[in-house]
A.B. asks: 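Got a structure here, written out as structure tokens. Questions coming.
Note: hydrogens, waters and symmetry copies are ignored here, and every other heavy atom, side chains too, is used. Please read these numbers as outputs of a predicted model, since none were measured by experiment.
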Amino acid sequence: MTIKKSIIAFPRIGSNRELKFALEKYFRKEITEEELQKVAKEIRLENWKSQEEAGIDSPISNDFSFYDQTLDLSIALGAIPESYKNLELNELDTLFALARGFQDEQNDVKARPMKKWFNTNYHYLVPEINKDTIIKANFSKLLNEYKEAKSAGFETRPTIIGPYTFLVLADYKSGATKDTVLYDVIVAFQTLLKELNQLGVEWLQIEEPALVLDQTEEEKKLFVSIYEELLKSKNNLKILLQTYFGDVRDSYKEIVKLDFDGIGLDFIEGRDSLALIQKYGFPKEKILFAGLVNGKNIWRNNYQKTLELLTALDAVADIVINTSCSLQHVPVTVKNETKLSKEILKHFSFATEKLKEIDEISDIYFNKNTPFLKKNIELFENDRVRGNTKLKQKLDKLTEKDFTRRPSLVERRASQSQSLNLPLLPTTTIGSFPQTAEVRKVRLQNKRGELSQADYDTFLEEKIKECLKLQEDIGLDVLVHGEFERNDMVEYFGEMLEGYVFTQKAWVQSYGTRCVKPPIVWADVTRPEAMTVRWSAYAQSQTSKPVKGMLTGPVTILNWSFPREDISLKASTLQLALAVQEEVLDLEKAGIKIIQIDEAALREKLPLRKSDWYKEYLDWAIPAFRLVHSKVKPETQIHTHMCYSEFEDIIPSIDAMDADVISFEASRSELSIIDALKAHHFKTLVGPGVYDIHSPRIPSVKEIQNQLEKILAKLPIEQVWVNPDCGLKTRGNAETIPSLRHLVEATRVLRKEKVEYDK
């Protein structure tokens with residue numbers, strides 16, 4: 001098979017989120033496993049058909065997953081902790097127990113930790129290796145999906161996360177190390193290669209994104225040792241080493257010497273990919289799978305720029321036009337969008353359209369077919385939008401003073417303590433409360449014009465009052481209004497801002513069944529009017545307890561949007577920071593004493609290499625947050641929240657955000673962040689999440705009390721707030737209410753112990 005046009009992977013949720021809805025029905029026991037598998041098969045067949053019809057030479061198999069591909073690999077290797085094996089569930093339900101936790105009358109196990117997949121908003125389940133882990137190959141899923149495609153008439157290229165990335169990302173327990181399982185992992189992959197040879201498979205794609213991270217000499221040796229041994233078993237099978245999200249500058253020379261048949265490099269985020277080839281060359285006997293079509297953004301490819309890059313690669317003998325990464329990070333198709341104008345839509349390219357772009361670039365480059373090029377040039381020859389001169393002037397006038405809050409954190413704390421009069425270990429939630437079917441239905445009725453704005457506002461007021469009463473009954477100290485008016489923590493704000501456009505069905509998987517619909521930054525961003533003041537002020541008028549004003553921060557709004565490519569990320573973020581600053585000041589004027597500005601995605605666009613962290617990101621992302629709150633009064637308490645990323649190595653930068661209180665995801669990561677906070681003498685008050693809201697299980701009072709005792713063993717009680725890991729939007733009341741009651745009860749026990757100890 002001659003390959004000239006390729007992708008790394010395709011979205012697996014279905015063009016209308018068919019997988020999400022089927023999984024949720026399965027979790028509610030409304031459909032059988034057989035019915036769930038039927039939906040999955042239909043999605044896979046549709047994906048292979050789309051790739052083949054678009055001219056992709058080798059459609060991809062095994063890019064489908066019911067939850068997460070890294071979790072699939074853990075199961076394929078038998079890396080399943082004993083507590084999950086002891087549940088005695090079938091393979092599929094074991095997978096879901098690992099992903100979501102499992103709770104019944106006899107069993108109670110937590111979900112495995114989730115982390116961000118490199119620099120994306122996708123989350124993976126962290127593999128666990130302990131001294132009792134026995135690695136044993138069971139690649140039936142990959143083999144069955146290849147055979148399924150073959151029987152349907154598609155010759156596919158199976159893909160799998162590679163052994164090096166698996167070992168780098170794994171969590172090692174009870175004295176286990178990479179060396180504990182290295183030999184067995186290699187043997188397991190050798191078994192896979194043997195089975196693929198027996199099936200007559202031509203190509204296997206092995207994804208090793210961990211190669212774009214900073215590598216130590218030991219890690220380079222680990223990578224080389226794995227593949228020197230593994231590639232001995234390839235026989236007739238061709239192996240493509242696929243990397244993405246950056247360049248492989250640390251191990252490029254080692255990679256090209258190994259017996260790979262193809263090497264996939266990212267030329268979108270891989271800053272040094274071209275320079276590496278120009279400096280060290282590329283072996284003539286190998287095929288370069290060139291990642292030239294952006295798999296993470298939704299704008300049309302500029303063919304002229306891509307052809308210039310291809311010209312610079314002329315010395316490479318054999319090139320395949322490829323995506324920069326999996327297309328699971330973009331929506332499925334533009335065809336679902338019927339409300340946006342053609343003038344807007346012509347600038348967008350989702351996963352299905354990117355298949356066509358690959359075909360056209362290939363036709364232009366290899367066959368010199370120019371009509372496609374002419375049409376593409378016309379798209380890019382004029383400026384798409386006109387800049388906002390007034391906004392630019394405002395940004396140009398910013399000085400260091402605009403990014404600095406006065407007085408100092410310690411001085412502010414005294415003012416806030418007197419103003420708020422909160423107890424030790426203040427209890428609160430992160431913001432949202434369960435979005436019931438009723439809430440979603442009424443919001444949709446209002447959006448469709450079936451319910452008047454006045455009636456909708458009345459409904460929201462009633463929901464807010466119910467939510468406040470519930471929190472008061474539970475005994476929480478700092479309340480929230482519940483965010484019932486918000487469809488999404490980024491989309492809601494984007495709808496209130498000038499400069500955004502919105503899609504109808506451009507859904508992207510974040511984790512498992514969680515899908516998001518990122519807004520698109522179309523032009524310069526400004527705030528025409530207040531966005532949240534109406535509901536925060538109303539909530540505060542209904543209670544004597546403080547109610548937090550809830551905002552999403554500028555870095556997260558940008559990182560969870562599809563950003564512009566015609567201006568820098570820094571410029572877009574500062575535009576957003578000015579807009580959010582205006583909202584913060586209006587909330588303060590309305591009497592809101594606590595304002596939470598969430599930066600859940602702070603780390604998401606952090607460069608994967610530490611040498612690039614500050615100059616390329618932190619040097620402007622952290623000041624952008626400070627710009628948002630720099631003008632508030634000393635007694636106004638600023639909170640922020642961060643979740644499901646590894647923050648331990650940027651703790652000094654987080655402290656430099658100069659918030660008064662920061663809440664972190666902590667429960668799934670076993671409170672590992674606490675040690676980092678202590679080591680860096682973290683000054684900000686902190687709320688490490690004491691239970692995991694992404695699992696349906698209900699934590700007991702004793703469990704939360706134990707978490708708090710672990711926290712208080714390392715941090716002074718005066719520094720600690722008590723809260724769940726994240727917002728409660730995706731949970732039901734049946735789980736939320738008892739969990740929060742247990743949280744408050746556990747906190748009261750520890751407060752009482754503290755008082756008695758002081759006596």
A.B. asks: Flag the pair Phe102 / Tyr84 as yes when at least one side-chain heavy-atom distance between them is below 4.5 Å, and no otherwise.
C.D. replies: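 With C-beta onward as the side chain, the pair stays apart.
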
A.B. asks: Tell me if a side-chain donor or acceptor on Glu128 pairs with a main-chain N or O of Ile80 at a distance below 3.5 Å.
C.D. replies: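 Not confirmed, Glu128 side chain does not pair with Ile80 backbone.
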
A.B. asks: For the CG atom of Leu211 and the CG atom of Leu265, what is their distance to the nearest 0.5 Å?
C.D. replies: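 If we round to the nearest 0.5 Å, Leu211:CG and Leu265:CG are 10.0 Å apart.
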
A.B. asks: Taking all atoms of both residues into account, what is the closest heavy-atom pair of Asp247 and Ser273, and its distance?
C.D. replies: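 Smallest heavy-atom distance, with atoms named: CB-OG, 3.6 Å.
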
A.B. asks: Do Ser6 and Arg157 meet the criterion of a side-chain donor-acceptor pair at a distance under 3.5 Å?
C.D. replies: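 Checked: Ser6/Arg157 side chains pair up, N/O donor to acceptor below 3.5 Å.
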
A.B. asks: With distance as the sole criterion, is a donor-acceptor pair present between the side chains of Lys296 and Asn119 under 3.5 Å?
C.D. replies: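 Asn119 and Lys296 do have a side-chain donor-acceptor pair below 3.5 Å.
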
A.B. asks: Just by modelled atom types, is the Arg17 backbone N or O under 3.5 Å from a matching donor or acceptor in the Trp507 side chain?
C.D. replies: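 Judged by distance alone, no pair lies under 3.5 Å.
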
A.B. asks: Shortest non-hydrogen contact from Val332 to Pro11?
C.D. replies: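 Scanning both residues completely, I find the closest heavy atoms to be CG2-CB, 3.9 Å.
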
A.B. asks: For the backbone of Ala601 and the side chain of Asn559, can you confirm whether one donor and one acceptor N or O come within less than 3.5 Å of each other?
C.D. replies: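 Judged by distance alone, yes, a pair lies under 3.5 Å.
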
A.B. asks: Hey, do the aromatic rings of Phe10 and Phe64 have their centres closer than 6.0 Å?
C.D. replies: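 Centroid separation for Phe10 and Phe64: 6.0 Å or greater.
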
A.B. asks: Tell me yes or no: between the side chains of Gln509 and Arg12, is some donor less than 3.5 Å from an acceptor?
C.D. replies: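 There is such a pair (donor and acceptor under 3.5 Å, judged by atom type) between the side chains of Gln509 and Arg12.
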
A.B. asks: Does Ile135 form a side chain to side chain contact (heavy atoms under 4.5 Å, CB included) with Val187? I'd like the steps, not just the answer.
C.D. replies: CA-CA 9 Å; Ile135 300 296; Val187 170; over 6 Å; no

A.B. asks: What distance do His680 atom NE2 and Asp649 atom CG have between them, rounded to the nearest 0.5 Å?
C.D. replies: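 Between His680 NE2 and Asp649 CG, I get 8.5 Å after rounding to 0.5 Å.
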
A.B. asks: Is the closest basic N to carboxylate O distance between Asp612 and Lys610 below 4.0 Å?
C.D. replies: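 Here Asp612 does not pair with Lys610 in a salt bridge, since their nearest N and O are not under 4.0 Å apart.
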
A.B. asks: State, to 0.1 Å, how close Ser58 and Thr156 come at their nearest heavy-atom pair, and which atoms those are.
C.D. replies: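 So the minimum-distance heavy-atom pair works out to OG-C, 4.0 Å.
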
A.B. asks: Using the ring of each side chain (for Trp, its six-membered ring), is Tyr511 parallel, tilted or perpendicular to Tyr67, with breaks at 30° and 60°?
C.D. replies: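 Taking Tyr67 first and then Tyr511, their aromatic rings sit tilted (interplane angle of 30° to 60°).
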
A.B. asks: I'd like to know if Asp318 pairs up with Lys286 as an ion pair, taking the criterion as any Lys NZ or Arg NE/NH1/NH2 lying under 4.0 Å from an Asp or Glu carboxylate oxygen.
C.D. replies: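 Salt bridge absent between Asp318 and Lys286.
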
A.B. asks: Rounded to the nearest 0.5 Å, what's the gap from NZ on Lys238 to CG on Asp259? Could you check?
C.D. replies: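 If I round to the nearest 0.5 Å, the distance is 12.0 Å.
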
A.B. asks: So, the side chain of Thr323 versus the backbone of Val293: is there a donor-acceptor pair under 3.5 Å, distance only?
C.D. replies: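 Side chain of Thr323 to backbone of Val293: no pair is present.
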
A.B. asks: Scan side-chain atoms only and decide if Thr556 and Glu599 contain a donor-acceptor pair under the 3.5 Å cut-off.
C.D. replies: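 The criterion, which ignores hydrogens and geometry beyond distance, is satisfied for Glu599 and Thr556.
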
A.B. asks: Show, in sequence, the C-alpha distance, side-chain angles and deciding distance for Thr177 and Asp179, and conclude whether the side chain to side chain donor-acceptor pair (under 3.5 Å) test is met.
C.D. replies: CA-CA 5 Å; Thr177 65; Asp179 290 336; 4.6 Å; no

A.B. asks: Looking at side-chain heavy atoms only, is the closest gap between Lys116 and Glu604 below 4.5 Å?
C.D. replies: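 In short, these two side chains touch, coming nearer than 4.5 Å.
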
A.B. asks: With no hydrogens and no angle check, do the side chains of Ser65 and Asp72 hold a donor and an acceptor under 3.5 Å apart?
C.D. replies: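 Ser65 vs Asp72: donor-acceptor pair found between side chains.
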
A.B. asks: Atom OH in Tyr146, atom NZ in Lys141: separation rounded to 0.5 Å?
C.D. replies: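 Going from the OH atom of Tyr146 to the NZ atom of Lys141 covers 15.5 Å.
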
A.B. asks: Mind listing the closest non-hydrogen atom pair of Leu45 and Ala152 along with its distance?
C.D. replies: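 Closest approach of Leu45 to Ala152: CD2-CB, 3.6 Å.
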
A.B. asks: Of all heavy-atom pairs between Gln205 and Ile7, which one has the smallest distance, and what is that distance?
C.D. replies: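 Scanning both residues, the minimum pair turns out to be OE1-O, 4.1 Å.
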
A.B. asks: When you measure from the side chain of Asn197 to the backbone N and O of Leu237, does any donor-acceptor pair fall under 3.5 Å?
C.D. replies: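 Yes, the answer is positive, given that a donor and an acceptor are paired below the 3.5 Å cut-off.
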
A.B. asks: Hey, would you say the Tyr164 and Tyr227 ring centroids sit under 6.0 Å apart?
C.D. replies: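 Between Tyr227 and Tyr164, which both carry aromatic rings, the centre distance is not below 6.0 Å.
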
A.B. asks: Assess whether a salt bridge exists between Asp692 and Arg697, defined as any Lys/Arg side-chain N lying under 4.0 Å from an Asp/Glu carboxylate O.
C.D. replies: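 No.
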
A.B. asks: Has the side chain of Asp266 got a donor or acceptor atom that lies under 3.5 Å from a matching backbone atom of Ile268?
C.D. replies: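 A pair under 3.5 Å: yes.
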
A.B. asks: Please walk me through it: do Val690 and Ile711 pass side chain to side chain contact (heavy atoms under 4.5 Å, CB included)?
C.D. replies: CA-CA 9 Å; Val690 295; Ile711 294 168; 4.1 Å; yes

A.B. asks: Quick one: does Asp261's side chain have a donor or acceptor within less than 3.5 Å of a partner on Ile239's backbone?
C.D. replies: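 Yes, because the side chain of Asp261 sits within donor-acceptor range (under 3.5 Å) of the backbone of Ile239.
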
A.B. asks: Are Glu208 and Thr165 close enough that a side-chain donor and a side-chain acceptor fall under 3.5 Å?
C.D. replies: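 Present: a donor and an acceptor within the cut-off.
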
A.B. asks: Strictly distance-based, threshold 3.5 Å: is any side-chain N or O of Trp48 a donor or acceptor partner for the main-chain N or O of Ile60?
C.D. replies: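 Confirmed, Trp48 side chain pairs with Ile60 backbone.
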
A.B. asks: Answer yes when Lys714 and Glu709 have at least one side-chain N-carboxylate O distance shorter than 4.0 Å, and no when they do not.
C.D. replies: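 The answer is no: the pair does not qualify as a salt bridge.
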
A.B. asks: Evaluate the ring pair (Phe, Tyr, Trp, His ring centres under 6.0 Å) criterion for residues Tyr280 and Phe282: first the C-alpha distance (whole Å), next the side-chain angles of each, then the deciding distance (0.1 Å), finally the verdict.
C.D. replies: CA-CA 7 Å; Tyr280 300 110; Phe282 190 85; over 10 Å; no

A.B. asks: Calculate, to the nearest 0.5 Å, the distance between atoms OG and NZ belonging to Ser61 and Lys147 respectively.
C.D. replies: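 One finds 12.0 Å between OG of Ser61 and NZ of Lys147.
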
A.B. asks: Are the side chains of Gln242 and Ile206 in contact, using a 4.5 Å heavy-atom criterion?
C.D. replies: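 No; the side chains remain at least 4.5 Å from each other.
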
A.B. asks: Applying salt bridge (charged side-chain N to carboxylate O under 4.0 Å, His left out), name anything that partners Asp93, two or more places apart in sequence or on another chain.
C.D. replies: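 Asp93: no salt bridge (charged side-chain N to carboxylate O under 4.0 Å, His left out) contacts found.
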
A.B. asks: For Lys232, enumerate each residue passing the side chain to side chain contact (heavy atoms under 4.5 Å, CB included) test, keeping only those at least two apart in sequence or located in another chain.
C.D. replies: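 Residues passing side chain to side chain contact (heavy atoms under 4.5 Å, CB included) with Lys232: Glu229.
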
A.B. asks: Between Thr159 and Glu207, is there a side-chain donor-acceptor contact under 3.5 Å, judged purely by atom types and distance?
C.D. replies: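 Yes - a donor-acceptor pair under 3.5 Å links their side chains.
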
A.B. asks: Parallel, tilted or perpendicular, judged at 30° and 60°: which one describes the rings of Trp117 and Tyr244?
C.D. replies: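 Tilted: the ring planes of Trp117 and Tyr244 meet at 30° to 60°.
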
A.B. asks: Can you name the one residue among Gln215, Lys221, Glu219 that meets side-chain hydrogen bond (donor to acceptor under 3.5 Å, both in side chains) with Ser251?
C.D. replies: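 Result for side-chain hydrogen bond (donor to acceptor under 3.5 Å, both in side chains) with Ser251: Gln215.
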
A.B. asks: Mind running side chain to side chain contact (heavy atoms under 4.5 Å, CB included) on Leu608 and Phe118 for me, showing each step along the way?
C.D. replies: CA-CA 7 Å; Leu608 294 174; Phe118 296 84; 4.1 Å; yes

A.B. asks: With side chain to side chain contact (heavy atoms under 4.5 Å, CB included) as the criterion, how do Phe245 and Thr120 come out once you've worked through the C-alpha distance, each side chain's angles and the decisive distance to 0.1 Å?
C.D. replies: CA-CA 9 Å; Phe245 301 145; Thr120 74; 3.5 Å; yes

A.B. asks: Quick check for you: to the nearest 0.5 Å, what is the distance between Trp203 atom CH2 and Leu196 atom CG?
C.D. replies: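 That separation rounds to 13.5 Å.
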
A.B. asks: How are the rings of Tyr122 and His329 set to each other: parallel, tilted or perpendicular (split at 30° and 60°)?
C.D. replies: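 Perpendicular, since the angle between the ring planes exceeds 60°.
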
A.B. asks: Answer yes or no: is there a donor N or O on one side and an acceptor on the other, between the side chain of Gln51 and the main chain of Asn47, under 3.5 Å?
C.D. replies: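 A pair under 3.5 Å: yes.
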
A.B. asks: Find out whether Phe189 and Ile160 are in side-chain contact, i.e. whether some heavy atom of one side chain is under 4.5 Å from a heavy atom of the other.
C.D. replies: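 They are in contact (side-chain heavy atoms under 4.5 Å apart), so the answer is yes.
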
A.B. asks: Are His641 and Ile662 packed together at the side-chain level, in the sense that at least one heavy-atom pair is separated by less than 4.5 angstrom?
C.D. replies: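 No; the side chains remain at least 4.5 Å from each other.
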
A.B. asks: Heavy-atom distance under 4.5 Å between the side chains of Leu258 and Leu231, does that happen here?
C.D. replies: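 Yes, at least one pair of side-chain atoms sits under 4.5 Å.
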
A.B. asks: Grab the two heavy atoms, one from Ala111 and one from Ala99, that are nearest each other, plus how far apart they are.
C.D. replies: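 Smallest heavy-atom distance, with atoms named: CB-O, 3.4 Å.
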
A.B. asks: Has the side chain of Gln103 got a donor or acceptor atom that lies under 3.5 Å from a matching backbone atom of Ile698?
C.D. replies: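 Checking the backbone N and O of Ile698 against the side chain of Gln103, a donor-acceptor pair under 3.5 Å is found.
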
A.B. asks: Are Lys220 and Glu217 close enough for a salt bridge, meaning some N to O gap below 4.0 Å?
C.D. replies: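 Result for this pair is yes, salt bridge flagged.
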
A.B. asks: Using side-chain heavy atoms (C-beta onward) and a distance below 4.5 Å, is Leu71 in contact with Phe66?
C.D. replies: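 No, too far: nothing below the 4.5 Å cut-off.
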
A.B. asks: Could you check if a side-chain atom of Ile263 sits within less than 4.5 angstrom of a side-chain atom of Phe289, using non-hydrogen atoms only?
C.D. replies: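 SC-SC contact between Ile263 and Phe289 ruled out.
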
